[in-house]
Amino acid sequence: MTGVRDLKYRQWFRGADVDGDGVITRQDVRLMGERYIAARGAVPDPATARRLTEGLDAFWTAVIAPMDQDGDGKVDLREMTEGFQRTLADPALYPQQVGPVADCYFDLIDLDGDGKVDRAEFGEIFGLAGNVSQKDCAAVFDALDEDGSGRLDRTEFHRALAEFFYGDDPDAPAAHLFGKIPG
């Protein structure tokens, strides 16, 4: 485990602490989903919204809640960082740990339903709902667009999230997915 992951996890924590009280609760995780749905600007397909809600509940139950070391129903930055260090140690587990929620977010981000996420869609969701500046969104998107198509497919999106949660390279574009980490 490196300090790079700690910095990335701190950025993720800032976005996940939706109410800004310094801890993540089940309510924050639910609000995170609602925030992404609201940022979309239109009512998503009910099945996608339901899958996101169920996926986030499962993410809370399987990944976040077990990090609550003192049993108060709240996960602070220290608990979350230590928990991510333990839980997200094996990239081979990405399909079970992060993949299902990532698929739901991809479906929400893909505003026009074409199976690709363009720069505008990426910026809208990560900028408005993820608290990332438009400048940073554009730079991250351009770096993640491996094939230069101007669009991210589901595979590129999954690679980015896997790099964010499991990778140790501070120069990887995905290191800044949830905001620029200090360098």
Side-chain angles (χ1 to χ4, degrees), residues 8-9 11-18 24 28-64 84 88 91-167 169-181:
K8 293 188 301 184
Y9 297 162
Q11 288 301 97
W12 186 88
F13 183 90
R14 284 184 42 217
D17 179 17
V18 176
I24 299 173
D28 281 306
V29 173
R30 288 183 178 149
L31 288 172
M32 190 171 24
E34 290 173 17
R35 183 174 64 184
Y36 275 86
I37 290 169
R40 182 178 173 157
V43 178
D45 169 52
T48 301
R50 185 180 64 255
R51 276 189 11 248
L52 178 61
T53 301
E54 290 169 357
L56 286 169
D57 279 343
F59 187 69
W60 167 263
T61 301
V63 178
I64 304 294
F84 273 179
L88 301 178
L93 296 177
Y94 172 88
Q96 295 84 24
Q97 293 175 323
V98 180
V101 174
D103 276 330
C104 292
Y105 276 108
F106 184 90
D107 292 340
L108 282 173
I109 295 168
D110 179 16
L111 300 175
D112 60 10
D114 68 353
K116 306 273 186 181
V117 173
D118 65 28
R119 185 193 254 202
E121 291 168 329
F122 185 89
E124 182 175 342
I125 294 299
F126 281 93
L128 294 175
N131 298 318
V132 179
S133 77
Q134 287 302 309
K135 179 181 174 187
D136 288 345
C137 282
V140 169
F141 179 87
D142 290 344
L144 294 176
D145 182 16
E146 298 169 357
D147 62 6
S149 67
R151 298 153 37 115
L152 301 179
D153 63 25
R154 195 174 295 267
T155 300
E156 289 170 313
F157 187 73
H158 278 291
R159 267 198 296 270
L161 285 170
E163 173 60 37
F164 179 83
F165 284 108
Y166 299 93
D169 181 358
D171 298 320
H176 309 287
L177 192 59
F178 292 94
K180 192 156 182 65
I181 63 170

What pair of heavy atoms forms the shortest contact from [X] to [Y], and how long is it?
{"X": "Asp28", "Y": "Ala16", "value": "CB-O, 3.3 Å"}
{"X": "Tyr166", "Y": "Leu88", "value": "CD2-O, 3.2 Å"}
{"X": "Ala175", "Y": "Pro170", "value": "CB-O, 3.9 Å"}
{"X": "Pro100", "Y": "Pro95", "value": "CD-O, 3.1 Å"}

Only counting residues at least two apart or in another chain, list the ones meeting ring pair (Phe, Tyr, Trp, His ring centres under 6.0 Å) with [X].
{"X": "Phe157", "value": "Phe106"}
{"X": "Phe13", "value": "none"}
{"X": "Phe122", "value": "Phe126, Phe141"}

Separation of [Y] [atom2] from [X] [atom1] (nearest 0.5 Å):
{"X": "Leu161", "Y": "Asp103", "atom1": "CG", "atom2": "CG", "answer": "10.0 Å"}
{"X": "His176", "Y": "Gln11", "atom1": "NE2", "atom2": "CD", "answer": "9.5 Å"}
{"X": "Lys8", "Y": "Glu163", "atom1": "NZ", "atom2": "CD", "answer": "5.0 Å"}
{"X": "Asp153", "Y": "Glu146", "atom1": "CG", "atom2": "CD", "answer": "8.5 Å"}
{"X": "Arg119", "Y": "Arg151", "atom1": "CZ", "atom2": "CZ", "answer": "14.5 Å"}
{"X": "Leu31", "Y": "Ile24", "atom1": "CG", "atom2": "CD1", "answer": "12.0 Å"}

Working note: Thr155 + Arg159, criterion side-chain contact (heavy atoms from CB on, under 4.5 Å); need CA distance, chi angles, decisive distance, verdict. CA-CA 6 Å; Thr155 300; Arg159 267 198 296 270; 3.2 Å; yes

Hey, what's the ring geometry for Phe165 with Phe178, parallel, tilted or perpendicular (30° and 60° as the breaks)? tilted

Would you check if the distance from the ring center of Phe164 to the ring center of Trp12 is below 6.0 Å?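 No, ring centres 6.0 Å or more apart.
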
Within the structure provided, determine whether Glu156 and Asp147 are in side-chain contact (heavy-atom separation under 4.5 Å).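 Yes, close enough: below the 4.5 Å cut-off.
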
With the side chain counted from C-beta on, respond yes when Leu177 and Leu144 share a heavy-atom pair under 4.5 Å apart, and no when they do not. yes

Got a donor-acceptor contact below 3.5 angstrom from the Asp110 side chain to the Gly115 backbone? yes

Distance-only, no hydrogens or angles: does the Asp145 side chain make a donor-acceptor pair with backbone N or O of Leu152 under 3.5 Å? no

Arg154 bridged to Asp107 by N-O distance under 4.0 Å: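 A salt bridge is present here (some side-chain N lies under 4.0 Å from a carboxylate O).
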
Test side-chain contact (heavy atoms from CB on, under 4.5 Å) on Arg30 and Trp60 and set out the steps. CA-CA 9 Å; Arg30 288 183 178 149; Trp60 167 263; over 6 Å; no

